[in-house]
Every structure is written in structure tokens, then in C-alpha cells.
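This is the structure, below, for whatever I ask next.
Each ligand, and each atom within it, is numbered from 1 in the order the structure gives.
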Amino acid sequence: MDYFLTDEEKELQQLARRIAEEKVRPVAAKYDRSGEFPWEMVQVFREAGLFAVAIPEEYGGLGMGIMGLVLVTEELSRACAGIALAVAGTALGAMPILIAGSPEQKQRYLPRIAEGEILAAFCLTEPEAGSDAGALRTTAVRDGDSYVLNGTKHFITNGGVAGVYTVIALTDPSKGSRGASAFVVDADTPGLIVGKKEDKMGIRASATAEIHFDNCRVPKENLLGREGLGFVIALQTLDQSRPGVAAQALGIAQGALDLALEYARQRKQFGQSIASFQGIQFMLADMATEIEAARALIYAVARYIDRGGKDYGKVSAMAKLFASDVAMRVTTDAVQIFGGYGYMREYPIEKYMRDAKITQIYEGTNQIQRNVIARHLIKESAARGKA
Ligand code: COS
């Protein structure tokens with residue numbers, strides 16, 4: 001379907017598609033097996049300017065907003081969702097700076113992120129604070145002109161490869177999540193220690209690691225916004241980043257459908273191509289319909305956010321919830337269409353199913369997305385009741 005993208009958006013989409021096909025797809029299986037971080041792909045994305053997409057023009061970016069990010073993430077994820085995360089995870093890590101950074105802080109970090117000189121990572125999740133993100137324990141104690149951070153963040157995308165980390169930590173533990181603050185921490189700060197690298201089911205080309213803060217001293221100038229705003233900055237970040245996860249899921253689903261269609265046309269059983277069987281056709285039709293519905297929702301939400309739409313937390317959660325469930329169903333059916341071959345590592349399709357699973361889990365499980373949506377619905381209904 002034609003979404004009437006602007007010429008600039010179409011160009012970006014074509015560029016990302018070309019890179020995905022020519023550069024990413026040929027190495028996807030290699031990095032999936034090794035679990036190594038694809039630095040050679042980072043270089044490709046750098047040269048193509050893909051890290052600049054969502055950074056405003058005044059800070060050296062392309063200023064193409066969430067929509068630009070969604071288009072790039074979808075196209076790259078069609079070839080490899082793990083490799084795509086070098087870009088998407090960096091965009092996530094940069095968001096707290098975009099949302100709450102001072103002009104000086106933005107000037108210090110955003111141009112380097114846009115250039116791809118440094119990758120970024122967002123540190124919210126802790127071993128005891130996953131869905132219950134407000135239960136974080138990492139502390140940041142003011143000491144003279146600095147804050148001293150202590151604690152452990154885990155499951156950090158781009159952990160160990162990022163040059164800058166945006167970190168949520170408690171400046172006033174007595175206030176719980178209302179006592180949280182956001183910081184920007186350079187990777188080479190003494191006391192920032194990269195811990196265990198995770199061995200994952202899918203998105204294996206993405207670096208996921210623990211980040212420890214052991215008396216990590218950061219200058220007070222690295223506080224984003226004001227003390228006490230950290231949790232709100234984190235939640236606003238997630239409201240803006242969830243369409244990106246949705247786009248990743250969309251790309252995975254589309255990539256799986258592309259492969260399943262091709263296979264179904266070529267595979268012969270009972271003397272004919274299996275694409276001629278109604279059972280297979282119905283699966284393909286359902287897959288394509290769900291994918292198009294996900295795409296329409298994601299693009300609409302991205303545009304809504306970029307054009308200054310209000311209270312987008314609900315629709316952002318809807319896009320992530322819907323697209324990731326679609327990705328799981330579509331990739332499972334794609335494996336089914338491949339039959340026994342689909343189960344074998346020798347074929348590319350099982351990777352899509354493994355990669356899809358994380359999109360139902362990270363940046364808020366789909367159960368949490370339903371909570372977020374329902375809370376908004378109830379609040380809106382109550383407000384209408386009062387009016
Ligand atoms: N934007 C701004 N503020 C928000 C907000 C949003 N989207 N959502 C909630 N808040 C505010 C609330 O208004 C509330 O403020 P007050 O304390 O002043 O009343 C505060 O934040 C706490 O909100 P709430 O009571 O809803 O928080 P819970 O403790 O129930 O936690 C969260 C709910 C938001 C943490 C949960 O729904 C969630 O999203 N968990 C998943 C976290 C996640 O995505 N982790 C992935 C990490 S990055 S890969």
C-alpha cells in the first residue's frame with residue numbers, strides 16, 4: 001500500500017532497503033551464529049548516515065523524527081533484527097538527551113551520535129526492576145560537584161559497545177521512583193564496568209550486557225533535567241521508543257513473509273507448488289493482512305508523535321503490542337510453511353521466529369503494554385464522565 005511518504009522518506013526507505021539487502025542480509029547468519037557485535041555493519045550505517053535520522057538538524061542530524069527511525073528500523077530488521085539494533089538501540093539511548101538535555105548537553109553528545117562516532121545505550125532495567133521499573137535501586141549520591149553512581153543495570157542493549165549511557169538512578173531513595181534522576185555517563189568514566197554479556201535466543205548480533213556502576217563519579221553537569229525527573233524522563237523515552245520496537249517487529253514479520261512466499265512458490269509436494277494449496281494460501285493471506293494492519297498503525301502513530309500529538313503513550317503501546325504479536329504469529333506460520341526445513345538452522349526462517357520473540361518482551365512486556373493501554377482508557381473515560 002502507498003503510505004504517501006515524502007520524497008525524503010522514500011529516499012531514506014530505499015537507502016535502508018538497499019543496505020539491508022546488499023550488506024546486512026549476507027552476514028546475518030554469520031553474526032547470528034557467532035553472537036559477535038557487527039562493527040563492520042556499524043561502519044556501513046555510519047557512512048550511510050543512518051545514525052543521524054532522528055537527531056534534529058541543528059545537532060547534525062536529518063531531523064526525520066520517529067517516522068524516519070521507524071522506516072530505517074523496519075527495512076534493516078527485514079534482513080536482520082539483531083544488526084538493526086545497533087541503530088535502534090542508539091536511538092533509544094539518545095532519547096533521554098533529546099527529551100531532557102540542555103542545549104549544551106545536546107551539543108556535547110548529539111552530533112557525535114548523529115555521526116555514528118559513538119553508539120548510545122539506555123540504562124533503566126535492573127535485575128529486580130524489569131516490568132516494575134520504578135523498583136530500581138541504583139543510586140546517585142551528590143558529592144560536591146559530582147554524583148557518585150552505584151548499582152547494576154542489566155539486559156542493556158548496546159552494553160559494552162556504546163560510547164555513552166543514559167542512566168536512571170535514585171538521587172533520593174526515600175521517594176522511590178519519584179526520587180529518580182537521569183544522567184548521561186561516558187563509557188570511559190572510571191567505575192562504569194561492563195559485566196556479563198548475555199547469550200540470547202535471538203537478536204544475537206545485538207550486544208546485550210550488564211553494566212555495573214562502582215563508585216562511578218560523574219560531573220553534576222551530566223544530570224539531565226532536574227533531580228526527581230528521572231522516572232518521568234524514562235517513561236517519556238519509552239512512549240517514544242515503542243513504535244521503534246513495533247517497526248522492528250514489522251520488519252521481522254515482513255522478512256519472514258517474503259521468505260515464506262518464495263518458498264511456497266518453489267516447494268513442490270503432491271506434484272504441485274504448495275502455494276497452490278488453499279491451506280497455505282489462507283496462511284499467507286492472514287500473514288499479509290496482519291502485517292499491513294501493523295504497518296498502518298505504526299506509521300500513523302509515528303506521524304502523530306512527530307507532528308506534536310498529545311498523550312501518545314496509549315497508541316505507542318498499541319503499536320508495540322499489536323506489531324510484536326503479529327511478528328510472533330507470522331514467523332511461527334512462516335516456519336510452518338517451510339515444514340521440516342523451517343526447523344533447520346540451515347534455512348534462514350527459524351531465526352525470524354527467534355528474533356520475533358523479544359519484541360513481545362522488551363521495552364515493556366505485552367502484558368505491561370495492555371496495562372498502559374487500559375490505564376489510559378479508564379483515565380480518559382473518567383475524564384469524559386467528569387466533563
Ligand atoms: N509519561 C510520564 N509520566 C508517566 C507516564 C508516562 N508515560 N506513565 C506514568 N507516569 C507517571 C505517573 O503519572 C506517576 O506519577 P505520580 O507518581 O506523580 O503519580 C508515575 O509516573 C508512576 O506511574 P505508575 O503509578 O503508573 O507507575 P507503576 O509503578 O505502576 O509502573 C510502569 C508502571 C510505567 C513502570 C510500567 O507500566 C512499565 O511501563 N513497565 C515496563 C518498563 C519497561 O518498559 N522497561 C523496559 C526498559 S527499557 S528496554
query = Thr189 side chain to Asp186 main-chain N or O, any donor-acceptor pair under 3.5 Å?
reply =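 Judged by distance alone, yes, a pair lies under 3.5 Å.
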inquiry  = Quick test of your reading: applying side chain to side chain donor-acceptor pair (under 3.5 Å), list the pairs with at least one residue in residues 375-387, sequence neighbours left out, ordered by first then second residue.
reply    = Lys314-Glu380
key: Connected hydrophobic set around Val232, excluding itself, where side chains approach under 4.5 Å   =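 None, because no other hydrophobic side chain comes under 4.5 Å of this residue.
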task = Please write out which residues are connected to Leu15 in a hydrophobic cluster, directly or through intermediates, given that two of Ile, Leu, Val, Met, Phe, Trp, Tyr count as joined at side-chain heavy-atom separations below 4.5 angstrom.
result = Leu12, Ile19, Val24, Val27, Tyr31, Phe37, Trp39, Met41, Val42, Val44, Phe45, Leu50, Phe51, Val53, Leu62, Met64, Val72, Leu76, Ile83, Val87, Leu119, Val161
task = Assert yes or no for the condition that the ring centre distance of Phe183 to Tyr147 is strictly below 6.0 Å.
result =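 That pair passes the under 6.0 Å test.
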CD/Glu346: more than 12 non-hydrogen atoms of other groups inside 6.0 Å = no
Near ligand 1, at a heavy-atom separation below 4.0 Å: residues by chain and residue number = Leu124, Thr125, Gly130, Ser131, Ala133, Arg178, Phe231, Val232, Leu235, Leu238, Asp239, Arg242, Glu363, Gly364, Ile368, Val372, Arg375
